[in-house]
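Written out below as structure tokens is the structure these notes cover.
We count ligands from 1, going down the list as the structure has it; atoms in each ligand are counted the same way.
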Amino acid sequence: MKMFALVAVLLGVAAPAFAGDAAEGEEVFNKRCKTCHAVIDASGNAIVKGGKTGPNLFGVIGRQIGTGDGFKYGPGLVAAGADGSVWDEASVAAYVVDPSKWVADKAGAGNKSKMAFKLKEGGEDVAAFLAAHN
Ligand code: HEC
């Protein structure tokens with residue numbers, strides 16, 4: 001990633017505002033996320049076989065918040081997406097640091113997330129991994 005940023009600078013193009021490392025993110029996902037989340041494409045191929053406590057995260061980048069098929073979201077996350085907002089890499093990285101705080105900041109105090117897990121670091125990388133599976 002550093003190399004890419006350097007090349008981008010040398011070429012005079014703006015480095016992407018958000019730039020995680022998808023390979024690192026895959027490791028983070030397998031260690032920290034797959035207990036609760038799978039990544040399964042529309043044809044049913046499992047990129048990551050995972051738990052069902054949380055929604056399938058295939059295609060989550062660009063998807064409206066709280067609208068994955070076949071999962072019963074909490075009201076807080078649904079409220080966070082009610083204005084039509086979609087996940088991007090930056091918002092996923094911010095969400096995983098403290099899901100309930102992120103939901104309260106977005107949808108208003110009193111709203112929280114059903115995701116009972118916080119990721120201290122590596123959110124950008126895991127977001128880049130998810131962006132590679134859309
Ligand atoms: C302990 C189980 C658990 C773990 C571990 C977990 N999650 Fe979640 N996640 C959930 C649940 C449950 C929800 C649904 C939240 C809600 O409805 O409020 C969720 C929701 C999400 C959403 C919103 C999806 C959507 O369709 O709107 C994202 C993005 C997400 N998780 C990413 C991650 C990532 C990345 C990791 C690993 C760093 C992770 N989660 C780890 C349980 C978990």
>> Suppose we measure from atom 17 (O) of ligand 1 to each protein heavy atom; which comes out shortest, and what is that distance?
In response: Gly74 N, 2.8 Å

> Relative to ligand 1, is Phe71 under 4.0 angstrom through side chain, backbone, both or neither, heavy atoms considered?
Replying inline: side chain

> Which residue holds the protein heavy atom closest to atom 12 (C) of ligand 1, what is that atom called, and what is the gap in Å?
Replying inline: Thr53 O, 3.3 Å

> Looking at side-chain heavy atoms only, is the closest gap between Thr35 and Phe117 below 4.5 Å?
Replying inline: no

> What residues form a ring-ring contact (aromatic ring centres under 6.0 Å, His included) with Tyr73, not counting sequence neighbours?
Replying inline: Phe71

>> Only heavy atoms of Leu119, strictly under 4.0 Å: list the atoms of ligand 1 that pass.
In response: 38 (C)

> Tell me, do Val97 and Tyr95 make a side-chain contact under 4.5 Å, heavy atoms counted?
Replying inline: no

>> Just to confirm my output: which protein heavy-atom neighbour is closest to atom 15 (C) of ligand 1, and how far is it?
In response: Ser113 OG, 3.4 Å

> For atom 5 (C) of ligand 1, what is the nearest protein heavy atom, given as residue, atom name and distance?
Replying inline: Arg32 O, 3.3 Å

> Do Ile47 and Asp41 touch side chain to side chain, with heavy atoms closer than 4.5 Å?
Replying inline: yes

Report, one line per pair, each donor and acceptor closer than 3.5 Å where one atom sits in a side chain of residues 80-90; sequence neighbours left out.
unit_1	atom_1	unit_2	atom_2	d
Asp83	OD1	Ser85	N	3.0
Asp83	OD1	Ser85	OG	2.5
Asp83	OD2	Ser85	OG	3.1
Asp83	OD2	Lys106	NZ	3.1
Ser85	OG	Lys106	NZ	3.0
Asp88	OD1	Ala90	N	3.3
Asp88	OD1	Ser91	N	2.8
Asp88	OD1	Ser91	OG	2.8

>> Nearest non-hydrogen contact with atom 22 (C) of ligand 1 belongs to which option: Tyr73, Phe129, Tyr95?
In response: Tyr95

> Is there a heavy atom of Gly66 sitting under 4.0 angstrom from any atom of ligand 1?
Replying inline: yes

>> Give me the residue, atom name and distance of the protein heavy atom closest to atom 23 (C) of ligand 1.
In response: Trp87 CZ2, 3.5 Å

> Only one of Met115, Arg32, Lys118, Glu121 clears side-chain contact (heavy atoms from CB on, under 4.5 Å) with Val96; which?
Replying inline: Met115

> Is the backbone N or O of Leu77 less than 3.5 Å from a side-chain atom of Ser113, with the two atoms forming a donor-acceptor pair by type?
Replying inline: no

> For Gly108, does its backbone N or O pair with a side-chain atom of Asn111 as donor and acceptor, under 3.5 Å?
Replying inline: yes

> Which option out of Lys112, Lys31, Arg63, Lys114 puts a heavy atom nearest to atom 18 (O) of ligand 1?
Replying inline: Lys114

Side chains of residues 122-134: which donor-acceptor pairs under 3.5 Å do they make with residues two or more places apart or in other chains?
unit_1	atom_1	unit_2	atom_2	d
Asp125	OD1	Asp21	N	2.7
Asn134	ND2	Ile61	O	2.3

> Near Val126, which atoms of ligand 1 are under 4.0 Å from a heavy atom of that residue?
Replying inline: 35 (C)

>> With heavy-atom distances below 4.5 Å as the criterion, would you say the side chains of His37 and Leu57 are in contact?
In response: yes

> Excluding waters, which protein N, O or S atoms are within less than 2.8 Å of atom 8 (Fe) of ligand 1?
Replying inline: His37 NE2, Met115 SD

> What pair of heavy atoms forms the shortest contact from Ile40 to Val48, and how long is it?
Replying inline: CG1-O, 4.3 Å

